[in-house]
Q: 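Have a look at this one before I ask anything.
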There are 2 protein chains.
Amino acid sequence: MGVSERVVGRLILYRRLLKDLADEGAGYVFSHELAARAKSTAAQVRRDLMVLGYMGSPARGYAVRDLIAALSVFLDAPERQKVALVGVGNLGRALLAYFVGRHPQFTIAVAFDADPQKVGRVVNGCPIHAMDSLGQVARQEGIDLAIIAVPAPEAQAVAAELYKAGIRGILNFAPVRLWAPEGVYVEHLDMTMSLGRVAYFGRR
Amino acid sequence: MGVSERVVGRLILYRRLLKDLADEGAGYVFSHELAARAKSTAAQVRRDLMVLGYMGSPARGYAVRDLIAALSVFLDAPERQKVALVGVGNLGRALLAYFVGRHPQFTIAVAFDADPQKVGRVVNGCPIHAMDSLGQVARQEGIDLAIIAVPAPEAQAVAAELYKAGIRGILNFAPVRLWAPEGVYVEHLDMTMSLGRVAYFGRR
DNA sequence: GTAACGCTGTGAAACTTTTCACAAGGATTC
DNA sequence: GAATCCTTGTGAAAAGTTTCACAGCGTTAC
Ligand SMILES: NC(=O)c1ccc[n+]([C@@H]2O[C@H](COP(=O)([O-])OP(=O)(O)OC[C@H]3O[C@@H](n4cnc5c(N)ncnc54)[C@H](O)[C@@H]3O)[C@@H](O)[C@H]2O)c1
Ligand SMILES: NC(=O)c1ccc[n+]([C@@H]2O[C@H](COP(=O)([O-])OP(=O)(O)OC[C@H]3O[C@@H](n4cnc5c(N)ncnc54)[C@H](O)[C@@H]3O)[C@@H](O)[C@H]2O)c1
C-alpha cells in the first residue's frame, strides 16, 4: 500500500502546477492539460492521482481547488515540519536564502556549522549553532528533518549525529552515499552525477 | 541498445567510489565490495558493468585502474566538455565556486546574467557575459552544455535561447518543467521536490 | 595433479512502472 | 428525451528494472 518515490515526486509537481492554474483563475482542469504542463501523459496523471482517493468529474475534469486540497492532505504533515541545515557554506547560504518564507509546509528553523566564526551569527533569520549543541537544540526545537551541506568527508559523521538527535529524514547534498538506520529516509541530491548525466546524454 | 539514465547515474557513482579505492591503494575490488560502498547489491553492480564490455576476473574481481579507465571511455567525451552557467545569483555563485577545477571532464567556461551590474565581472575565473551575447559567445567558445540557475519565470525563455545557440544538454535548477526540442537532453534538479519527498517519507 | 572455493557473467524469473484501451457517465446539442 | 461528445477510473498488457541462481573458471590448498 506504500506509494513510490516517483509517484510522490510527481504529486508534488502536480500541486505546484495546480497552484499556477489556480493563480491563472482556472476552476477545473483535465488530466491531459495537467500532463502537458508536467511534460507527461494523461494516463500517467490519472494513475498517479488514484492514490488520493479524490475523484474528478468525467465532464469537467478535476476541480483545481479541491485537488490541491486533496494533494495537501496526502503530502503534508499535520503541523509545519522544521528542518535543520548542517553546513552554512556556499551552498548552505544559497539554500537559506531560497527556502526562507517560500514554503508553507517546511521552515529551516536552525542551522549548524563547525566553524566558530559562523556560530552565533544569524543568516536570513536563521541562527547558526555549534555542532556540539546539535542534539540538544534539535530536540528542543522539535526538528524532524535535516539538510546536509558539509564537505563530503564530513557527511557520514554529521549524519550519525543527526540520527542520534532523532532526525527522520535527510536531504544530502554531499557526493557520498550515506548509511542510514532503519526508519530514516535519506535522499541523495548529487549535482555532480546530474551534470555527468547531462554530459553523457547531451552528446548523443 | 541505449543505456538508461539510472544505469549511467550508477556508473558515475561507481567511478567515484573506485577513485576512492585507488587512493586507498586497492588494486582489485569485488562486486560486493563496490556494492557495499554504493549502498546497492553485487548483482546490480555486475549487471551495470556489463554495458562496458570490460570483464573482471572471477578470482581477483575487477582491476580498479582498468575499470576506472573503462568507465571513463564509456562516460566521458573525447575532449573536455564546456559548460555555460546562466544566472549568477545565490545558487549560481555556489556552483561556480564548487565546479571550478574540480572535475577534469567538464569546466564552467562562461557565465551569463541579465543583471548589468554583474556583466563584465569575473567570478572564480569565469567571466560573466550579457544575455544578448549568449549565442555568439557560446558558439565562439564551443559550449555544448548549460546550467540554468535563473528565477523560475525566466527559465523557459532562457532555455529557448540556449536551444538557439545549439546547446545539447541542460541541467535545470529552476522549479519548472522545461520544454525541449528533439535531441536536447534536459535534467531537472528540483530541490523543492526533493525536500518535499524527504518530508513525506521521513514522517512514516 | 586434482579438489575445493568463491568469484564473474548472464539467462530467466520476479517485481515495478508505464501505457493501452474501454466501460461508464455527466454535459451539450438537436 | 435521445444521441453525441469527450472525459474519468481502472483492469490488463507492455515495457523496464532488479534480483535470483547457476554454469564456468582462475586461484589456492593439498
Ligand atoms: N557549492 C555547490 O554548488 C555544490 C555543488 C555540488 C555539491 N556540493 C556539495 O555540497 C556540500 C557543501 O558544499 P559547499 O560548496 O557549500 O562547501 P563549503 O566548503 O562552502 O561549505 C561547507 C560548510 O560546512 C562547514 N563544515 C565543515 N565541516 C563540518 C562539520 N563536520 N560539521 C558541520 N559543519 C561543517 C564549513 O564550516 C562550511 O561552512 C559539499 O559536500 C559539496 O560536495 C556543493
Ligand atoms: N538558491 C537555492 O538554494 C535554490 C534552491 C532551489 C531552487 N533554486 C532555483 O534556482 C534558481 C536560481 O536561484 P537563486 O537563489 O540563485 O536566485 P537569485 O535570484 O539569487 O539569482 C538569479 C540570477 O539570475 C539572474 N537572472 C534573472 N533573470 C535572468 C534572465 N532572464 N537571464 C539571465 N539571468 C537572469 C539574476 O540577475 C540573478 O543573478 C531559481 O529558479 C530557484 O528557484 C534555488
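In this text, all values refer to a predicted model and were calculated from it rather than measured experimentally. In what follows, chains carry the letters A, B, and so on, assigned in the order in which the sequence lines appear, proteins first and then strands, with residues in each chain numbered from 1.
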Q: Quickly work out the B/M50 CE to D/dT17 P distance and round it to whole Å.
A: 15 Å
Q: Taking side-chain hydrogen bond (donor to acceptor under 3.5 Å, both in side chains) as the cut-off, I'd like each qualifying pair that reaches into residues 147-168 of chain B, sequence neighbours left out, listed once.
A: B/E161-B/K164
Q: Going 5' to 3' along DNA chain C, between which two nucleotides do contacts with chain A fall, using a heavy-atom cut-off of 4.0 Å?
A: C/dT17 to C/dA27
Q: Nearest whole angstrom, please: distance from the C1' of D/dC25 to the CE of B/M55.
A: 13 Å
Q: Specify the separation, in whole Å, of atom CZ of A/R46 and atom P of D/dC6.
A: 15 Å
Q: Scan for side-chain hydrogen bond (donor to acceptor under 3.5 Å, both in side chains) pairs involving residues 7-19 of chain A, sequence neighbours excluded, and state none if there are none.
A: A/R10-A/D48, A/Y14-A/D48, A/R15-A/S72, A/R15-A/D76, A/R16-B/D190
Q: For the pair made of CZ in A/F30 and P in D/dT7, what is the distance, rounded to whole Å?
A: 6 Å
Q: Please report the distance, rounded to the nearest Å, between OH in B/Y62 and P in D/dC25.
A: 16 Å
Q: Atom CD of B/Q44 to atom P of D/dT19: distance rounded to whole Å?
A: 6 Å
Q: Using 30° and 60° as the class limits, which term best fits the ring planes of A/H32 and A/F30: parallel, tilted or perpendicular?
A: parallel
Q: Nearest nucleotide by nearest heavy atom, which residue falls closer to the 5' end of DNA chain C, A/P58 or A/R47?
A: A/R47
Q: So which one's nearest nucleotide on DNA chain C is more toward 5', A/S4 or A/S57?
A: A/S4
